[in-house]
Amino acid sequence: MKRRIPIATLLFLLAAVCAPAFALHSYVAPRRTRRVRRAHLRRLRWNPVFRPSRESLLLQNHEIDRMDLPRIQDDAELEQLKASEDLVPIVAGPTLRFDPRLDPDRRYCRPWTREFLDDLSQAYYKEFHTSIQVNSAVRTVKIQKKLRRHNRNAAPAEGEIASSHLAGITVDIQRRGLSREQLKWVQDYMRPLKDQGLIEPEEERHQWVFHVMVSGRYTDWRESMMLAGEQPIPTTSEAAELPLQ
């Protein structure tokens, strides 16, 4: 009479034979490999048209010196410039909004910088039916030094590559959250203005903003466009026709 093998024993032997096969399909990659892959993808995504550089910071400071503008030292000097209307308020509306964290006392800039913001935000709204966001505007030397203690990527508060925010001619425009189409539109809008020396933009990597310094020459260009019966919307063809200023 043949001896029967208990069912429990058969199940145990079957599990022992199949375990290596299951193990092959349940392998989990080390966490370090996944972190390296994510870092690689982040590097691939950051491919700016307007790459930050020392040369760009030098250009921004050269424009400040050309216009003989002060680097605003503290809140007292900031308030004086507001009172004299050398700094004007940036006004939120359907085409423009602020990062809620931006202090209302620092939602100010030079008049020509506000003109640039007005033109950009209106053109952007017409194209996408949504607003742009301003994350930062005028700063004082005191504020910039404080920022540097927490963010080593921030520009210095003094010297030949100091932050151009200190003169009130620069704004940071939110880049995070833009679609590829929206990002390209903003880049295409800014490129001819940069080619004419009217703005100096940078695409910051760590803060995900367009850092844009606006030249005092922007007002003259804007008025010339309006006198010609055109809206101040730059195109590549216009950049080729107009001489550098």
Side-chain angles (χ1 to χ4, degrees), residues 52 56-122 124 131-175 193 198-202 204 206-223 232:
S56 178
L57 291 173
L58 289 172
L59 281 173
Q60 294 172 50
N61 280 273
H62 174 75
E63 180 63 12
I64 294 171
D65 293 338
R66 184 190 70 82
M67 293 185 289
D68 196 25
L69 297 174
R71 276 75 170 180
I72 305 166
Q73 295 297 312
D74 51 32
D75 288 345
E77 190 173 345
L78 179 64
E79 293 305 318
Q80 288 176 1
L81 291 169
K82 291 179 187 177
S84 64
E85 297 186 349
D86 289 305
L87 290 174
V88 293
I90 302 170
V91 181
T95 67
L96 185 147
R97 66 184 186 275
F98 290 106
D99 183 331
R101 295 170 295 181
L102 180 58
D103 188 337
D105 288 338
R106 291 192 279 123
R107 297 177 183 184
Y108 286 77
C109 64
R110 298 285 174 175
W112 56 88
T113 304
R114 187 174 68 178
E115 290 172 349
F116 164 78
L117 270 178
D118 288 344
D119 295 339
L120 169 64
S121 64
Q122 289 172 20
Y124 185 85
S131 58
I132 63 170
Q133 177 171 301
V134 174
N135 285 9
S136 185
V138 67
R139 295 178 196 154
T140 65
V141 170
K142 185 176 180 180
I143 290 170
Q144 190 71 20
K145 287 180 176 178
K146 182 178 179 181
L147 180 63
R148 284 272 292 178
R149 289 198 292 270
H150 303 286
N151 179 9
R152 300 308 301 174
N153 295 300
E158 299 169 337
E160 62 181 2
I161 58 169
S163 172
S164 57
H165 284 281
L166 305 178
I169 62 176
T170 299
V171 289
D172 288 347
I173 299 168
Q174 174 82 322
R175 195 161 60 95
L193 293 174
L198 299 174
I199 66 171
E200 179 58 31
E202 294 182 324
E204 295 186 5
H206 297 283
Q207 303 302 318
W208 282 88
V209 296
F210 287 102
H211 166 101
V212 188
M213 182 224 73
V214 185
S215 167
R217 299 185 179 102
Y218 185 85
T219 295
D220 292 337
W221 172 83
R222 189 176 193 260
E223 290 177 353

Please list, chain by chain and in numerical order, all residues satisfying side-chain contact (heavy atoms from CB on, under 4.5 Å) with [X], sequence neighbours excluded.
| X | value |
| --- | --- |
| Ile161 | Arg54, Leu57, Leu58, Pro156 |
| Ser163 | Arg139, Gln144, Ala155, His165, Leu166 |
| Lys142 | Thr140 |
| Gln73 | Arg71, Glu77, Val141 |

Problem set entry | Derivation and outcome, side chain to side chain contact (heavy atoms under 4.5 Å, CB included), residues Val134 and Leu117 | CA-CA 9 Å; Val134 174; Leu117 270 178; 4.0 Å; yes
Exercise. With Glu63, which residues qualify under salt bridge (charged side-chain N to carboxylate O under 4.0 Å, His left out), at least two apart?
Worked result: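 Only Arg66, Arg217 meet the salt bridge (charged side-chain N to carboxylate O under 4.0 Å, His left out) criterion with Glu63.
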Exercise. Residues two or more places apart in sequence or in another chain: which of them pass salt bridge (charged side-chain N to carboxylate O under 4.0 Å, His left out) with Asp119?
Worked result: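 Counting only residues at least two positions away or on another chain, Asp119 forms a salt bridge (charged side-chain N to carboxylate O under 4.0 Å, His left out) with Arg222.
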Exercise. Stepwise, does the side chain to side chain contact (heavy atoms under 4.5 Å, CB included) test hold for Asn135 with Val171?
Worked result: CA-CA 8 Å; Asn135 285 9; Val171 289; over 6 Å; no
Exercise. Stepwise, does the side chain to side chain donor-acceptor pair (under 3.5 Å) test hold for Glu202 with Ser56?
Worked result: CA-CA 8 Å; Glu202 294 182 324; Ser56 178; 3.0 Å; yes
Can you tell me how far apart [atom1] ([X]) and [atom2] ([Y]) are? Round to the nearest 0.5 Å.
| X | Y | atom1 | atom2 | answer |
| --- | --- | --- | --- | --- |
| Asp118 | Leu96 | CG | CG | 7.5 Å |
| Ser215 | Met67 | OG | CE | 5.5 Å |
| Gln80 | Asp74 | CD | CG | 8.5 Å |

For this session: Starting from the C-alpha separation in whole Å, work towards a yes-or-no answer on side chain to side chain contact (heavy atoms under 4.5 Å, CB included) for Arg110 and Leu87.
Result: CA-CA 5 Å; Arg110 298 285 174 175; Leu87 290 174; 4.0 Å; yes
Nearest atoms (heavy-atom pairs only) where [X] meets [Y]:
| X | Y | value |
| --- | --- | --- |
| Pro89 | Arg114 | O-NH1, 2.8 Å |
| Gln174 | Trp208 | OE1-O, 3.8 Å |
| Pro111 | Val88 | CA-CG2, 3.8 Å |
| Pro94 | Ser131 | O-CB, 3.4 Å |
| Thr113 | Gly168 | OG1-O, 3.9 Å |

For this session: Begin from the C-alpha positions of Thr219 and Glu115 and carry the test side chain to side chain donor-acceptor pair (under 3.5 Å) through to its verdict.
Result: CA-CA 7 Å; Thr219 295; Glu115 290 172 349; 2.7 Å; yes
For this session: Check whether the side chains of Glu160 and Asn61 place a donor and an acceptor atom closer than 3.5 Å, and report yes or no.
Result: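 Asn61 and Glu160 do not have a side-chain donor-acceptor pair below 3.5 Å.
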Exercise. How would you list all residue pairs meeting salt bridge (Lys or Arg N to Asp or Glu O under 4.0 Å) that involve residues 92-105, not counting sequence neighbours?
Worked result: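 Sorted pair list: Asp99-Arg101.
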Problem set entry | All pairs passing salt bridge (Lys or Arg N to Asp or Glu O under 4.0 Å) where residues 80-89 contributes a residue, at least two apart |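 Listed once each, the pairs are Glu79-Lys82.
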Exercise. Do side-chain atoms of Arg106 reach the backbone of Ser136 as a donor and acceptor pair under 3.5 angstrom?
Worked result: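 Here the side-chain-to-backbone pair does not exist.
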Exercise. Hey, are the side chains of Trp221 and Leu193 touching, using non-hydrogen atoms and a 4.5 Å cut-off?
Worked result: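 A side-chain contact under 4.5 Å exists here.
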For this session: Side-chain contact test, heavy atoms from C-beta onward, threshold under 4.5 Å: evaluate it for Ile169 versus Ile64 and give yes or no.
Result: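 They are in contact (side-chain heavy atoms under 4.5 Å apart), so the answer is yes.
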For this session: List the steps, then state whether side chain to side chain contact (heavy atoms under 4.5 Å, CB included) holds for Val138 with Thr170.
Result: CA-CA 7 Å; Val138 67; Thr170 299; over 6 Å; no
For this session: Can you run down the ring pair (Phe, Tyr, Trp, His ring centres under 6.0 Å) pairs that involve residues 86-118, sequence neighbours left out, and say none if there aren't any?
Result: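 Non-adjacent pairs meeting ring pair (Phe, Tyr, Trp, His ring centres under 6.0 Å): Phe116-Tyr218.
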Exercise. Hey, mind stepping through Gln60 and His211 against side chain to side chain donor-acceptor pair (under 3.5 Å) and telling me if it holds?
Worked result: CA-CA 11 Å; Gln60 294 172 50; His211 166 101; 2.8 Å; yes
